[in-house]
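All chains are named by letter (A, B, ...) in the order of the sequence lines, taking the proteins before the strands, and each is independently numbered beginning at 1.
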Amino acid sequence: MIGAADLAAIREAHPRVFRRSTAERRRLALIWTVFLAVLALGLWRVLPGWDVFVAGLGKLGFLVRFMIPPAHGGHLDQMLHGLAETLAMAFMGTLLAAFAALPLGFLGARNVLPVRLFHFGLRRLFDGLRGIDSLIWAIVFVAAVGMGPFAGILALAVPDTGTLAKLFAEAIENVEKRQVEGIEAAGANGVERARFGILPQVLPVMLSHVLYFFESNTRSATILGVVGAGGIGLQLAERIRLDDWQEVAFIILLILVAVAVIDWISGRLRRRIIAA
Amino acid sequence: MAIAVAGGGDAVALFETRHRDLRRRKALTTGLGALLFALAFGASAIVGEVDPGRFAAGVPNILDYVHRTLPEISARQPLTDIGEWYWAIDIWLLLMLDTVLMGFVGTLAGTAVALLFCFHAAANLAPTRWSFWLARRGFEFARTVPELVFALIFVFAFGPGPFAGVLAIAIHSAGALGKLFAEVNENADPRPIDALAAAGAGWTETMRFAVLPQVLPNFLSYGLLRFEINVRAASVLGIVGAGGIGEELYLVVRRFLYSDISAIVLLILITVSLIDMGCERLRHGLIEAGPARATR
Amino acid sequence: MLEITGLTRRFGSVTAVDDVTLAVPNGQMVGIIGRSGAGKSTLLRLINRLIDPSAGRLVFEGRDVGALTGRALRDWRTDCAMIFQQFNLVQRLDVLTNVLVGRLNHRSTLSSLFKLFSAEERALAIRTLDRFDLAEAALQRADTLSGGQQQRVAIARALMQEPRIILADEPIASLDPRNGKVVMDALRRINREDGLTVLCNLHTLDTARQYCDRIVGMRAGRVVFDGVPAQLTAAMVRDIYGMSEEELDQAETVTSTAIEAAPSRMAA
């Protein structure tokens, strides 16, 4: 195919084709070393002993075998109630967050209140609220208002208020200026300006965000029960503690179906809102 | 139809009827929507045990709770006070590091699985119908079951510790990333794929040389985004015993060690923000420097 | 010798290639002409087996290649390299890797996955690129090259397959006349120097007349002309295209100005 002499000549003429430059090789070596070192550290910290791993796999195999066939074991009404609770939590939590985020979003928008320091502080507050997971909020609210779905609603609403307020503020900052000016020219005051100049433009965007959050909250709400904040998660955690794998599988299937249905409905609604 | 022969007066009447029809239909939809909403609201309020009275009674509790968690930092000796607030900083930092590592290893494992099967899950690339179906359903299942549920099951099987958390994160990430990767694949330019098939390359090689170079920058960007999400997830998985800082957080909450709660929550917030910032810079670098570096 | 007998391909109720019979001796340069939609592209894709025939036989050197599958099919595809109108390079890979891609069927999957091409393969790629004055561009990304350069990279990729036949599907339709000439010259060179059979779909009659030993005219999926360029009379052209050569030229000018006027990234 190619003689040794030819090969040497071509190598001579195009050294980079056969070997990367020293600088590039060093850079690559550095990247790989750092990456592999972090990975090694990570594996060392998280991997269990070999026997634990093997025993766990065996247990997992049993578990899956015990899950089949999934069955509700006569507790269907209880489970459905848990599911209803989950959906109610997602619904009320999203609604609460949306209502709280509406004024906050207006206050946080640069074109509504051009006070830099206030704006900066409010944005950091939003970041703080959404930076803490709803599960942590759930722990706090269970301690404050007691166990049950009400704590879950609050736990969903608080971080979502932060995120929604941020999204709302961004939507408001992106409004068409001329329409707002038109309302101002007609002699509207601040609140009227927001109501008639800005709100009609941003409402579809906001609604679409809210629906999306309802979807995602349905997923989150399924697990809040683990810390006592209501919903189907409580029953799931209980069944796992009680070794009731058929019922565990049944509950997981219930969750899957519920999430799929909510996704479908909310997806259709969102498409309609955007189309309108 | 009457429109063709209708005179001026009829046209107005026709418009009026149509307009009225339209308005009636719109009013009906709105009314129906409002009714459904009211029903959902009512049902949710009852099922969700929403009780304004209880909430009102709870508000002072919440404020009191938050107030208690705030550390006492005096102006006279602030550093000493902060040192006291973070009295267990060595343990917490180690736990936080564990949490980040859980997120890292979990993201990596999830990305690997997603990478392996995302070509099967793309409608334009899947080699066989059944592998397409299997990959799609697999990813769907993995991302719909909440991480915490996987974590509960794995803690039961492997015992408490970070391994259960990593597994849970990995599976959930595989599902979420697999779907995103498959979508990216479906937008890949088909021309190089054609060329490689025509050159006698096998399916695997075609994916490697015609598709992967096109999609890799997007994959990396999604992977980094997922890492940010996973560090957050890892910080709460400890609540069910799956390792990391969450375990400590749940412990101090149940023992009412108020100032420790705020200390740990703040630590999580800072770490998560730092990682978000770092990843954002990396992602921007990825987009700006262009995929030239990423592919060679 | 490539023998095509009664080759037919139907898409639903449309017959794209209708009972085509051709015998192409080794080393011939064949131009296939006809209006767009006449079935030229489908014919080339049928030969490479990117599309499976509905009926008919495809025989190369006494070997039936119409019914191959798996490994044997890939080997056959390696034997008949394709060149595309849009070059079909992997834009984000460098020229060198794009050319080495032609070797994929000659090596093990595992070493390919990690891009472990041997020194010989790299040298061969450089030598092939050098034939088309592109060795210096080996480490550039494919999308930094002009259209004419990209098409020559594609030809280099095809040669790396060590093929017996080159199937070129409108190789110069996306190029300006100057680059078109460079690419056609390159195709003729590999036809003359390497003795490869070249089957080339062309939309301009001039090019076909100038470069090809033999011209095949297609209309509505059927072969309506098969002969040397000298035999292609005005009547035959009218029969193939449904219009005279002057009208054809005019239509051609219109389209090429349209192509030049459009902001084209190929023309960089």
Side-chain angles (χ1 to χ4, degrees), chain A residues 1-54 56-58 60-61 64 170 174 176-178 212 268 271 274-275, chain C residues 78-79 81 90 93-108 111 113-142 144-145 149 152-153 156-164 190 193-196:
Chain A
M1 182 162 103
I2 258 184
D6 283 354
L7 183 62
I10 293 173
R11 228 179 215 284
E12 181 78 27
H14 302 274
R16 290 288 163 269
V17 166
F18 297 89
R19 202 175 155 86
R20 296 175 207 270
S21 72
T22 321
E24 199 183 348
R25 263 183 296 139
R26 269 203 203 124
R27 209 176 63 91
L28 278 175
L30 184 73
I31 292 174
W32 277 105
T33 316
V34 170
F35 176 78
L36 290 176
V38 174
L39 182 61
L41 181 67
L43 289 177
W44 172 61
R45 293 296 299 177
V46 305
L47 284 190
W50 181 248
D51 41 337
V52 175
F53 179 69
V54 172
L57 275 190
L60 212 56
V64 173
E170 274 165 11
N174 290 329
E176 177 82 26
K177 276 206 191 75
R178 278 169 304 175
Y212 179 75
R268 282 198 62 157
R271 266 194 295 279
I274 289 164
Chain C
T78 309
D79 281 342
V90 186
L93 287 180
D94 55 25
V95 168
L96 180 75
T97 315
N98 264 298
V99 174
L100 285 169
V101 151
R103 298 300 295 175
L104 285 178
N105 193 33
H106 292 264
R107 45 211 319 285
S108 84
S111 64
L113 285 185
F114 293 98
K115 229 160 116 176
L116 302 169
F117 293 100
S118 71
E120 275 84 16
E121 284 172 322
R122 285 162 196 265
L124 188 63
I126 290 295
R127 202 161 69 175
T128 313
L129 278 170
D130 201 29
R131 285 181 69 181
F132 307 108
D133 300 321
L134 282 165
E136 295 308 321
L139 293 178
Q140 284 181 32
R141 262 174 60 158
T144 61
L145 301 186
Q149 289 173 317
R152 280 179 286 153
V153 171
R157 172 178 68 192
L159 287 184
M160 287 297 277
Q161 293 175 220
E162 300 180 344
R164 308 285 306 276
I190 58 175
E193 289 174 10
D194 306 22
L196 295 178

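Shown here is R19(A), whose CZ atom has no more than 12 heavy atoms of other residues, nucleotides or ligands within 6.0 Å. Dense packing is recorded around CD of E193(C), with more than 12 heavy atoms of other residues, nucleotides or ligands lying under 6.0 Å away.
Of the inter-residue distances, the one linking L139(C) atom CG with R16(A) atom CZ reads 9.0 Å to the nearest 0.5 angstrom. Here the straight-line distance linking atom CG of L124(C) with atom CG of L7(A) works out to 10.5 Å at 0.5 Å rounding. Note that CZ of F18(A) and CG of L96(C) are 8.5 Å apart. Values are rounded to the nearest 0.5 Å.
Both the backbone and the side chain of A119(C) come within contact range of chain A, with heavy atoms under 4.5 Å apart. Proximity to chain A (any heavy atom under 4.5 Å) is shown, for A135(C), by both the backbone and the side chain.
Put simply, the side chain of R122(C) gets close to the backbone of V17(A): a donor and an acceptor are under 3.5 Å apart.
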